[in-house]
Student: 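Here it is, the structure in full.
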Amino acid sequence: MNKVDCCFILRDDTLKAIVHELTVAIKNNMSVDWSVRESARAKMRVTVRRLLKKYGYLPDLQKMAVDKIVQQAELMASTV
């Protein structure tokens, strides 16, 4: 199963809710040096995993999604 299949399984409103909560969680977990400190990044990964699990995101795709989300958050932090 690929990420496209996952998007078809989850409804649009569910995906919107995931994106909204992820954005809030990432902004709340971002500290000045979070991208440098491994403990802060680990905390963010746990938060993301919990949100994905809450909304029934496929377990097979969670690791890939978490890695991508943390990578994007690091990019977002570097531009702020």
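This is a predicted model, so every value here is computed, not measured.
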Student: Assigning hydrophobic clusters by single linkage (Ile, Leu, Val, Met, Phe, Trp, Tyr; side-chain heavy-atom cutoff under 4.5 Å), is M64 placed with V46?
Tutor: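 Result: no, two separate clusters.
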Student: What pairs with K43 under salt bridge (Lys or Arg N to Asp or Glu O under 4.0 Å), at least two apart in sequence or on another chain?
Tutor: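 Here no residue qualifies.
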Student: Could you work out, with side chain to side chain contact (heavy atoms under 4.5 Å, CB included) as the rule, every residue matching R45, not counting sequence neighbours?
Tutor: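 R45: side chain to side chain contact (heavy atoms under 4.5 Å, CB included) contacts with E38, R41, A42, R49, V66, V70.
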Student: Only counting residues at least two apart or in another chain, list the ones meeting side chain to side chain contact (heavy atoms under 4.5 Å, CB included) with I69.
Tutor: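 Side chain to side chain contact (heavy atoms under 4.5 Å, CB included) check on I69 returns L22, I26, V48.
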Student: Please report the interatomic distance NZ(K68) to CG(L61), rounded to the nearest 0.5 Å.
Tutor: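 Result: 14.0 Å between the selected atoms.
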Student: I'd like to check the side chain to side chain contact (heavy atoms under 4.5 Å, CB included) partners of V24; sequence neighbours left out, ordered by chain and number.
Tutor: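 Here the qualifying residues are H20, N28.
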Student: With sequence neighbours left out, write down each residue that passes side chain to side chain contact (heavy atoms under 4.5 Å, CB included) with K53, or none if nothing qualifies.
Tutor: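 With neighbours one apart ignored, the set is Q62.
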